[in-house]
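To find a chain, count down the sequence lines: A is the first, B the second, and so on, and within it residues start at 1. Everything numeric here is computed off the predicted structure, so don't read it as measured data.
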Amino acid sequence: KAGVTQTPRYLIKTRGQQVTLSCSPISGHRSVSWYQQTPGQGLQFLFEYFSETQRNKGNFPGRFSGRQFSNSRSEMNVSTLELGDSALYLCASSSFSWNTEAFFGQGTRLTVV
Amino acid sequence: ILNVEQSPQSLHVQEGDSTNFTCSFPSSNFYALHWYRWETAKSPEALFVMTLNGDEKKKGRISATLNTKEGYSYLYIKGSQPEDSATYLCAFLNAGNMLTFGGGTRLMVKP
């Protein structure tokens, strides 16, 4: 079956702009989480969606938001981009609960200049 | 904020050496402990999902143990090979279904 697909793979944006990243989970998976990885940092949890509802939220400013559609595809949006938002953004999906393994996409590399 | 810590941060070993890493996590509100391997330019891939205190899991030369009462898990690699070079991540799942990752252990195996 197809894996987790993230688009775009690479993105360059200017400070102050906004960006939307997309994640298509594995078919049948209803839980989607987003993570940010910056140099020297581990995977920082952004938020998790399950059946179109945000179930968990990490410690990020309100400029970071997300949503999930009825087909479980998810988007995350970052408004008013800052240089520090440059990072690899990973999406992961899981079948029901995280008691089973998570499957990751290849990520979107965002560079803010 | 949940503290999930891994040690060491990085490790250089010779091919054939056996090695182990540690993951420590909160001992309360435990639901599961995940281990992932993350190779450069690839996505993290699951190694183990462990839920019960005393759990031991094995996949080839890699094995893991879990102690939920004291809040730690060990990952062992027997006879390391260059293809084992990767970052190994552990992640703590609480009862709220939030998966929190540690900083990872970067393993480099020299031929």
Legend entry - Single-linkage hydrophobic cluster, 4.5 Å side-chain cutoff, B/I77 and B/V13 together: yes
Inset, instruction - Indicate, with yes or no, if the rings of B/F101 and A/Y35 have centres closer together than 6.0 Å. - result: yes
Legend entry - Side-chain heavy atoms of A/E101 within contact of B/W35, under 4.5 Å: no
Inset, instruction - Please answer: with hydrophobic residues joined when any side-chain heavy atoms are less than 4.5 Å apart, are B/L66 and B/L52 in the same cluster? - result: no
Inset, instruction - Specify the closest pair of heavy atoms between B/S43 and A/G105, including all atoms of both residues, with the distance to one decimal. - result: OG-O, 2.9 Å
Inset, instruction - Answer with yes or no whether the hydrophobic clustering places B/F48 together with B/Y74; edges join I, L, V, M, F, W, Y residues whose side-chain heavy atoms lie under 4.5 Å apart. - result: no
Inset, instruction - For A/A102 and B/A46, work out which heavy atoms get closest and say how close. - result: O-CB, 4.4 Å
Inset, instruction - Could you look at A/Q37 and say if it's the side chain, the backbone, both or neither that has a heavy atom under 4.5 Å from chain B? - result: side chain
Inset, instruction - Determine whether B/P44 and A/L90 make a side-chain contact, defined as any pair of heavy atoms from C-beta on separated by less than 4.5 Å. - result: yes
Legend entry - Minimum-distance pair of heavy atoms, taken over all atoms of B/K42 and A/Q106: CA-NE2, 4.5 Å
Inset, instruction - Tell me, for B/A91 versus chain A, whether the close heavy atoms (under 4.5 Å) come from the side chain, the backbone, both or neither. - result: neither
Legend entry - Pairwise distance CE(B/M98) to CZ(A/R55) - rounded to 0.5 angstrom: 12.0 Å
Legend entry - Side chain proximity check, B/Y36 to A/L43, heavy atoms < 4.5 angstrom: no
Inset, instruction - Count the heavy atoms of every other residue, nucleotide or ligand shown that sit under 6.0 Å from CD of A/Q54, and state whether that count exceeds 12. - result: yes
Legend entry - Residue A/R15 excluded, over 12 heavy atoms near CZ under 6.0 Å: no
Legend entry - Residues, nucleotides or ligands: over 12 heavy atoms within 6.0 Å of B/E39 CD: yes
Inset, instruction - Calculate, to the nearest 0.5 Å, the distance between atoms CG and OG1 belonging to A/N56 and B/T100 respectively. - result: 8.5 Å
Inset, instruction - Specify the closest pair of heavy atoms between B/V49 and A/T100, including all atoms of both residues, with the distance to one decimal. - result: CG2-C, 4.1 Å
Legend entry - Heavy-atom proximity to chain A below 4.5 Å, by part of B/L47: neither
Inset, instruction - Count the heavy atoms of every other residue, nucleotide or ligand shown that sit under 6.0 Å from NZ of A/K57, and state whether that count exceeds 12. - result: yes
Legend entry - Joint cluster assignment, A/V19 & A/V112, ILVMFWY side-chain distance < 4.5 Å: yes
Inset, instruction - State yes or no: do A/F60 and A/W34 share one hydrophobic cluster built from I, L, V, M, F, W and Y residues joined by side-chain heavy-atom distances below 4.5 Å, directly or via other members? - result: yes
